[in-house]
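Below you'll find the structure, written out as structure tokens, and then a few comments.
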Amino acid sequence: MRAAGWVALALVAAGATSSVARAQSPLDRTARLQGQFSLAGHITVAVGVPGERVGQPVLRSWTFVPSCPVGPCQTLLLARRRAAGTDRLALNLVAADRYSGTGSFYAPLRCRRHVQRAGELVVFTVTAQITNATLDSSGVPVATQIHATYSNRLRINRTRCVAAPRRDAAVYDGSIAVP
């Protein structure tokens, strides 16, 4: 067995939720993503972002609202809570079991001796992939587990001051909490 195969096998045996170790079910590809998901993850990139460090564990709650009455939708609305508010963004179906979208929010930035509440515009990308699904009481496949990523590669300084580049990213795995 090749090294990658052994690594994947070890991850499965250890109960890890790496995308390498996941086996896809036919239900995952036709499942509807909706409801509130509790996500546990860790920060993978933290450059200049106050209070964040690589490897730091994070807990999140994301709510998915489909735009169509049945089945997997071409577009979902994602509401994700953060410390300073809630982001709402549209996610588009990019593969049979994966959604992706881009959003933005404002973050505080210090300029001279003053903190400007909307000092920088943070542009981010979110992806969500269905990793497990089950049939609901009416026989419709619904997502029960997801793997998600958050990535911020661009922050636009809106102040007169020169600011060092900042960015962050995280990966998450989680299960449905409220259908």
Side-chain angles (χ1 to χ4, degrees), residues 3-4 7-8 10-11 14-22 33-65 75-95 97-132 143 145-178:
V7 170
L11 288 170
T17 56
S18 166
S19 59
V20 174
R22 278 191 210 90
L33 180 54
Q34 69 180 16
Q36 182 179 339
F37 283 73
S38 296
L39 304 175
H42 65 276
I43 294 173
T44 57
V45 174
V47 177
V49 180
E52 290 187 5
R53 61 177 169 69
V54 172
Q56 177 181 349
V58 287
L59 299 173
R60 298 288 185 258
S61 177
W62 289 5
T63 302
F64 298 94
V65 179
T75 305
L76 300 172
L77 176 66
L78 167 62
R80 70 178 200 105
R81 284 184 244 154
R82 359 176 236 100
T86 300
D87 297 323
R88 289 175 174 76
L89 67 143
L91 299 182
N92 297 306
L93 188 65
V94 294
D97 58 352
R98 186 186 332 220
Y99 290 86
S100 183
T102 301
S104 64
F105 61 87
Y106 291 102
L109 189 62
R110 180 176 295 281
C111 181
R112 296 189 179 96
R113 287 180 280 168
H114 303 284
V115 174
Q116 295 186 17
R117 287 176 24 141
E120 65 183 351
L121 177 66
V122 179
V123 180
F124 64 91
T125 301
V126 167
T127 63
Q129 181 172 8
I130 298 168
T131 57
N132 200 4
Q145 293 180 326
I146 63 169
H147 174 76
T149 63
Y150 161 87
S151 177
N152 154 240
R153 293 190 180 127
L154 175 64
R155 290 182 180 230
I156 300 167
N157 183 351
R158 301 179 70 234
T159 72
R160 293 179 165 188
C161 296
V162 175
R166 302 182 339 160
R167 65 184 190 281
D168 62 344
V171 296
Y172 310 94
D173 287 290
S175 300
I176 191 157
V178 179

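In what follows, every heavy atom counts, from backbone to side chain, and hydrogens, waters and symmetry copies are set aside. If you read the sequence from its start, that first residue is 1, and numbering goes on from there.
Between S100 and T125, the closest side-chain pair of non-hydrogen atoms falls below 4.5 Å. Counting heavy atoms from C-beta outward, Y99 and L78 have side chains that stay 4.5 Å or more apart.
Pairs passing the salt bridge (charged side-chain N to carboxylate O under 4.0 Å, His left out) check and including a residue from residues 53-62, sequence neighbours excluded, do not occur. Applying the salt bridge (charged side-chain N to carboxylate O under 4.0 Å, His left out) rule to pairs touching residues 78-90 yields R80-D87, R82-D87, sequence neighbours excluded. Residue pairs that meet the side-chain hydrogen bond (donor to acceptor under 3.5 Å, both in side chains) test with at least one member in residues 42-52, sequence neighbours left out, do not exist here.
If you run side-chain contact (heavy atoms from CB on, under 4.5 Å) between L39 and each of L59, V58, I146, only I146 comes through.
Listed by chain and residue number, nothing satisfies the side-chain hydrogen bond (donor to acceptor under 3.5 Å, both in side chains) test with S151 (two or more places apart in sequence, or in another chain). F37 is linked by a ring pair (Phe, Tyr, Trp, His ring centres under 6.0 Å) to F64, counting only residues two or more places apart in sequence or in another chain.
In this structure, the separation between OG1 on T63 and CD1 on I176 is 9.5 Å, given to the nearest 0.5 Å. Atom CZ of R98 and atom OG1 of T131 lie 11.5 Å apart (nearest 0.5 Å). Interatomic distance, CG of D173 versus OG1 of T149, reported as 10.5 Å (0.5 Å rounding).
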Determine all donor-acceptor pairs shorter than 3.5 Å in which one atom belongs to a side chain in residues 104-124; sequence neighbours excluded.
residue : atom : partner : partner atom : Å
E120    : OE2  : R155    : NH1          : 2.9
E120    : OE2  : R166    : NE           : 3.1
E120    : OE2  : R166    : NH2          : 2.3

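Checked by atom type and distance alone, the side chain of H147 never pairs as donor or acceptor with a backbone atom of I130 at under 3.5 Å.
The two residues L154 and N152 come nearest to each other via the heavy atoms O-ND2, 2.9 Å.
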